[in-house]
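Reminder, nothing fancy here: chain letters follow the sequence lines and each chain counts from 1. The figures here come from the full heavy-atom set of this structure, side chains too, leaving out hydrogens, waters and symmetry mates.
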2 protein chains.
Amino acid sequence: MEAHESVLSERKKQILKAIVDAHVAGGEPVGSKVLMQQIACSSATIRNEMAELEEMGYLEQPHTSAGRVPSEMGYRFYVDSLVEHYAMTAREIAQINQALKAKMSELDQILTTASTLASNLTNYTGFALKPRSRALSVSRFEAIYIAPGQFVLVMVADDGSVKTRNVKLDLNCDSASVARLAATLNRYMTGRLADEITLPTMVAMEEAMAEDGALISPVIKIIYETMNESDRGELKVTGVDRLLEYPEYSDASQLKGLLGALEQKNDLMEMISTAAERDPHGVVIGSEASVKEMNNSTVVFKTIVKDGKPIGAIGVIGPLRMDYARVLSTLDGLSGNIADLLGEGAAQLGDGGVTVTDQESEDDNNGRQKGQNGNRG
Amino acid sequence: MEAHESVLSERKKQILKAIVDAHVAGGEPVGSKVLMQQIACSSATIRNEMAELEEMGYLEQPHTSAGRVPSEMGYRFYVDSLVEHYAMTAREIAQINQALKAKMSELDQILTTASTLASNLTNYTGFALKPRSRALSVSRFEAIYIAPGQFVLVMVADDGSVKTRNVKLDLNCDSASVARLAATLNRYMTGRLADEITLPTMVAMEEAMAEDGALISPVIKIIYETMNESDRGELKVTGVDRLLEYPEYSDASQLKGLLGALEQKNDLMEMISTAAERDPHGVVIGSEASVKEMNNSTVVFKTIVKDGKPIGAIGVIGPLRMDYARVLSTLDGLSGNIADLLGEGAAQLGDGGVTVTDQESEDDNNGRQKGQNGNRG
DNA sequence: TTTAGCACTTGAATCAATCGAGTGCTAACC
DNA sequence: GGTTAGCACTCGATTGATTCAAGTGCTAAA
């Protein structure tokens, strides 16, 4: 592959690079004229060079009267020898960091899964919607020593949900420090929103921890993040690709428009909450939707109710000619299952009656009594 | 809305329903001839009825010489009065149950997020790949009593990772039972794969628990599920819709084919592992791919390395004319961030040097020392 | 070796002609 | 009165010819 470089003159490389760049940017075959701006010679010269590059296999002509397009070999050479380094912006880097750190609550996971299921089972695009939920305060702390500098923090929230965090510090804390930490947290932090912790409280806690005072600050941050992470309202959309096989969306622009409308989560939430009032089925057909881009589509949804309050919704979006029977019963089934999982189905217990939730488990998930049966056999 | 029913004759309802069903199934306007099979009268009669239904607003004609299509009002009536109940198959119900119960490991979450980020930042379709990983055994158990019948189970796995489960049973276990449970688990279960637990061991554990013997069986199941959940190899694909705006994929069938190929996860894994050997950049251009459907697309990926071993990959898929510079650096940045999160980046510690992971945290995540800095301020 | 100029090629756009599916309407029928 | 057969009619889709324009290859001059 390095042989390329010795064969291609500097100017050929320039031209090849310019062609790749232009074609990547514009998508059209690139002609000799546009290249004149970047290469310091006439179009005829460039044409000659391009003819040679084509002969060598780096370029292709879709047809005689079109410009040139890089061949696969051309792209390969570009990637191997011509790509310039692109430096990510600080903004992009920050975005990566933030997004990767964010955890998914269990409700989020369930809703995502439900959206995927709705899509899979109906062959339309699925979505799941979660309204904002309030921040929680912690009513009880426990801390379990795991290893030097490492412990598990267990938080029982004011709604009865339990969250755990595996914490590692590079501070030297032992079993005793961890126990003291739990005691201190229980004394100063219980019943308070993490927002409400004032500097004096922090200082008091650090004093109470004596030589382990350094633990407080990072731990408070962790608690803050944990108790607030459930606070994002969100819309998940899955299975967009399924709509591709419906001729209604065969022109990509149509679908693109619909998806763009979906990005306006507020509109969708608004639509669903109003539709839920007047329509028992949760079916919004075409122009019944307030959003123009949805006027050629149908939205079918079902709210998920927990303790009598709607805590989210799942649904599907597809063409007007939707298989309503199937969609309606699928959503019914799904929402029932979710309600069960979230603890509405307290009655249906099997052998042992076990409920298991992972640590994130009861994020956004208040007042649960019994959940799904943990036994699978 | 109920007024409809009194206005429409039984035959009109039949015809409307038949039209909706046929149109939903076939996508084409439906003519009077095809309806003859379902309605017991001649095409002329049906035409008369259709003309009336159109007059009333339930049907529409795309043009004079086409068949009829339901109007929005027609669909509305269908949904309100004509849909037949569709009963889900046992298979579908099982699928729902299983999928909703499955938890996502942290690695899964990170990879999903990474895939989304790759897609967002590059404007191509992103993917993330995770090979199967081995099951873990537990080297230490802890149990924290929360409430009657409820406790948090903390498991330190043989690779040093920590997992926690919030367990609720409808058995009457108190603080002492929970403590005894931990002791018993530590005595009989440490160092073993959950698969290896034999019936005699179970019996011995139940005996050791005396009157709380009933705890053992459900708890073993929980441990089993927890330690094996990381075992699924998987491919996540996100941002399919981004490809819609590239003319290369403007005919939906092209894109559909590509996506179909992506479903063959094994092919992709194969491709990536072979490509990773011979190509330092991880760029597969067009026909370099072994899969035919990808011959008009480029796949760029980057393996994620942890402790010297590849534990997954992230990448993007898009047209040949891809913005390689941007894609390559984005994937570099992402994979670096992921490696840090997973504990490779032990060196880069900031103030406090805090590592936080939630319970699922170190799923598939062995030998970590220090991770990313937990402080955000 | 580069460049200006010109004939040439060829997909895309435009337009007319043809085709056919399905209708509306009329008249006969039960 | 409701139903049905028959037929003229409509109108989008398909096909084919024509034009248009972008971009080339080649030749001859610099």
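- Counting only heavy atoms from C-beta outward, the side chains of B:Tyr78 and B:Lys17 approach each other to under 4.5 Å.
- Distance, B:Glu60 CD to C:dG22 P: 18 Å, rounded to whole Å.
- Whole-Å rounding puts the A:Met50 CE to D:dT24 P distance at 4 Å.
- With no hydrogens or angles considered, a side-chain donor-acceptor pair links B:Ser42 and B:Thr45 at under 3.5 Å.
- When the ring pair (Phe, Tyr, Trp, His ring centres under 6.0 Å) test is applied to B:Tyr124, the partners found at least two apart in sequence or on another chain are B:Tyr246.
- Out of C:dG24, D:dT10, C:dT3, the shortest distance to the side chain of B:Thr64 is found at D:dT10.
- Side-chain N or O atoms of B:Ser329 include one that pairs as donor or acceptor with a backbone N or O of A:Tyr86 at under 3.5 Å.
- Among the protein residues, A:Ser65 comes within range of the nucleic acid bases, having at least one heavy atom under 4.0 Å from a base atom.
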Secondary structure of DNA chain C per the Watson-Crick/G-U criterion (both distances under 3.5 Å; [ ] crossing, | other strand, . unpaired) is ||||||||||||||||||||||||||||||

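- With A:Val291 as the fixed residue, the side chain to side chain contact (heavy atoms under 4.5 Å, CB included) test singles out one of A:Leu258, A:Leu262, A:Asp267: A:Asp267.
- Going from atom CD1 of A:Ile19 over to atom P of D:dT24 covers 9 Å, rounded to whole Å.
- When the C1' atom of C:dG24 is taken as reference, atom CG of B:Leu53 falls 16 Å away, rounded to whole Å.
- Atom NE2 of A:His23 is separated from atom P of D:dG23 by 14 Å (rounded to the nearest Å).
- Test B:Ile314, B:Thr238, B:Asn120, B:Thr125 against B:Ser115 for side chain to side chain contact (heavy atoms under 4.5 Å, CB included) and you get one pass: B:Thr238.
- Side-chain nitrogen and oxygen atoms of B:Arg68 include at least one within less than 4.0 Å of the OP1 or OP2 phosphate oxygen of C:dG24.
- One atom, CG of B:Asn48, and another, P of C:dT23, lie 11 Å apart when rounded to the nearest Å.
- Minimum atom distance to the side chain of A:His63 is reached by C:dT10, of the listed C:dT23, C:dT10, D:dG25.
- One interatomic measurement links the two molecules: CD of B:Glu49 to P of D:dT4, which rounds to 11 Å at whole-angstrom precision.
- Atom-to-atom, CD of B:Glu28 to P of C:dG22 comes out at 9 Å; the value is rounded to the nearest Å.
- Across all non-hydrogen atoms, the minimal contact from B:Ala18 to B:Leu35 is CB-CD2, 3.7 Å.
- Taking only side-chain nitrogens and oxygens, B:Thr45 never comes nearer than 4.0 Å to OP1 or OP2 of D:dG2.
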Quick one, B:Glu92 with A:Arg326, criterion salt bridge (Lys or Arg N to Asp or Glu O under 4.0 Å). Give me CA distance, side-chain angles, the key distance, then yes/no. CA-CA 12 Å; B:Glu92 287 169 337; A:Arg326 188 185 191 103; 2.3 Å; yes

Under-3.5 Å N/O pairs linking protein and nucleotides 5-9 of chain D:
from: D:dG6; atom 1: O6; to: B:Arg47; atom 2: NH2; distance (Å): 3.0

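- Using a 3.5 Å distance cut-off with no hydrogens or angles, the side chains of B:Glu270 and B:Ser290 do not pair a donor with an acceptor.
- Nearest-nucleotide positions on DNA chain D for B:Arg11 and B:Pro62 put B:Arg11 closer to the 5' end.
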